[in-house]
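Chain identifiers are assigned alphabetically (A, B, ...) following the order of the sequence lines, protein sequences preceding nucleic acid strands; residue numbering begins at 1 within each chain. Source: prediction; values computed, not measured.
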Protein chains: 2
Amino acid sequence: MELDNIDRKILGILQRNNRLANVELAEEVGLSPPACHKRVKRLRDENIIIGDVSILNPELTGNKLTLLVSVEMERDRKEVYDAFKRVVNQAPEVKHCYQITGNYDFVMVVGVPDMQAFERFVDQVLHTDTNIRKFQTSVSLRTVKSTTEVQLSEF
Amino acid sequence: MELDNIDRKILGILQRNNRLANVELAEEVGLSPPACHKRVKRLRDENIIIGDVSILNPELTGNKLTLLVSVEMERDRKEVYDAFKRVVNQAPEVKHCYQITGNYDFVMVVGVPDMQAFERFVDQVLHTDTNIRKFQTSVSLRTVKSTTEVQLSEF
DNA sequence: GTTGAAAGCCAGTAACT
DNA sequence: AGTTACTGGCTTTCAAC
């Protein structure tokens with residue numbers, strides 16, 4: 001489906017604040033409330049908007065430690081990869097995971113309360129997977145930026 | 001401020017779906033609507049909930065390409081780092097950026113529509129910064145996982 | 001913490017251009 | 001696509017417990 005400039009405007013606003021009342025959103029984009037409401041509904045129905053969430057303060061909710069883990073698999077086989085992906089998706093410590101090109105096969109961003117929790121994660125998730133050849137961990141000293149916003153190029 | 005189990009329950013629900021009506025949220029956590037409403041308000045006021053956003057489909061909104069860029073700075077000086085952090089925060093292509101220990105100083109997750117856009121990003125952001133000694137880019141073949149959820153250990 | 005009530009605002013629908 | 005008109009339901013606040 002094609003997005004016009006009003007759609008992009010709506011998305012731009014909602015991806016910053018989705019608690020804005022439809023009446024106000026409508027005014028901001030220059031539509032009547034029902035017309036705006038219909039567009040938002042369509043954007044949800046067509047999976048342009050895939051979720052609506054509250055963002056929690058990681059500091060205040062027990063994710064004080066962030067680590068970056070690069071993983072190299074034993075074999076480049078689909079089953080091996082798929083199994084790893086399944087594990088990753090079930091591990092709540094893993095915030096982001098990318099399959100990448102280069103020396104390593106995956107990079108993960110891991111969030112935990114403390115080093116003990118990370119050790120547990122390593123033991124339970126990484127050391128139990130026999131398909132992992134090796135992994136390398138970097139400690140994050142600071143999250144410089146973290147956003148869910150995507151760029152919506154206006155035309 | 002201390003979070004009790006009801007708070008954690010509320011947060012756990014809202015960080016998955018913040019469009020749930022307060023009446024329903026109240027029922028799910030076993031409180032009356034006003035009591036639940038008060039708690040949510042407090043969680044926002046105290047910055048436990050730091051934002052409420054719609055998550056957009058990156059595929060459908062022009063962020064088809066994800067890259068991981070590791071950056072090594074020329075000098076380990078605060079001003080140099082701070083300048084880089086400022087640039088990173090203003091660049092909409094940068095979704096996440098972590099200051100890390102190890103061989104590199106920063107790792108960034110960059111989202112762009114295509115390779116051309118990435119080249120522009122490299123030219124405008126990375127090559128113009130004389131404090132960057134070098135950087136290394138990995139292409140993400142697939143986003144295995146990406147979540148905003150934090151773990152809320154229940155007691 | 002609860003219930004009950006009240007006010008007003010909003011979401012969501014309908015009918016129509 | 002868009003509008004205006006409507007209504008039922010919800011948020012939000014209050015008072016009393």
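Between A/S32 and D/dG2 there is no side-chain N or O to OP1 or OP2 distance below 4.0 Å. Look at A/R39 and you won't find any side-chain N or O under 4.0 angstrom from OP1 or OP2 of D/dA1. Proximity of B/H37 to the phosphate of D/dT12: a side-chain N or O atom is located under 4.0 Å from OP1 or OP2.
One N or O donor and one acceptor, one from the side chain of A/K38 and one from the base of D/dG2, sit under 3.5 Å apart.
The nearest whole Å value for the distance from the CG atom in A/N5 to the P atom in D/dG2 is 13 Å. Computed from coordinates, the A/I10 CD1 to D/dA1 P distance equals 11 Å when rounded to whole Å. The CG atom of B/L25 sits 14 Å away from the P atom of D/dC10 (whole-angstrom rounding). Atom-to-atom, NZ of B/K41 to C1' of D/dT12 comes out at 11 Å; the value is rounded to the nearest Å. In this structure, CG of B/D45 is placed 12 Å from P of D/dT12, rounded to the nearest angstrom. The separation between A/E2 atom CD and D/dA1 atom P is 13 Å, rounded to whole Å. Per the geometry, CG belonging to B/N22 stands 17 Å off P belonging to D/dG9, to the nearest Å. In this entry the distance linking CD of A/E24 with P of C/dG8 reads 18 Å, nearest Å.
Taking the six-membered ring for Trp, B/F135 and B/H127 have ring centres closer than 6.0 Å. Two rings, from A/F106 and A/Y81, have their centers less than 6.0 Å apart.
At a threshold of 4.0 angstrom between heavy atoms, the contacts of A/A35 include nucleobase atoms, whether or not backbone atoms are also involved. The residue A/P34 sits close to a base: some heavy atom pair falls under 4.0 Å.
Place B/R19 and B/I6 on DNA chain C by their nearest nucleotides, and B/I6 ends up nearer the 5' end. Remark on DNA chain D: of its neighbouring residues A/R42 and A/P33, the 5'-side contact belongs to A/R42, judged by nearest-heavy-atom nucleotide.
Judged by distance alone, with hydrogens and angles left aside, the side-chain atoms of A/T143 form no donor-acceptor pair with the main-chain N or O of A/K145 at under 3.5 Å.
Considering only side-chain atoms of A/L31, the nucleotide from D/dC10, C/dT2, D/dG2 that sits closest is D/dG2.
The CG atom of A/L67 sits 10.5 Å away from the OH atom of B/Y98 when rounded to the nearest 0.5 Å. With rounding to the nearest 0.5 angstrom, the CG atom of A/L31 is 6.0 Å from the CD1 atom of A/I10.
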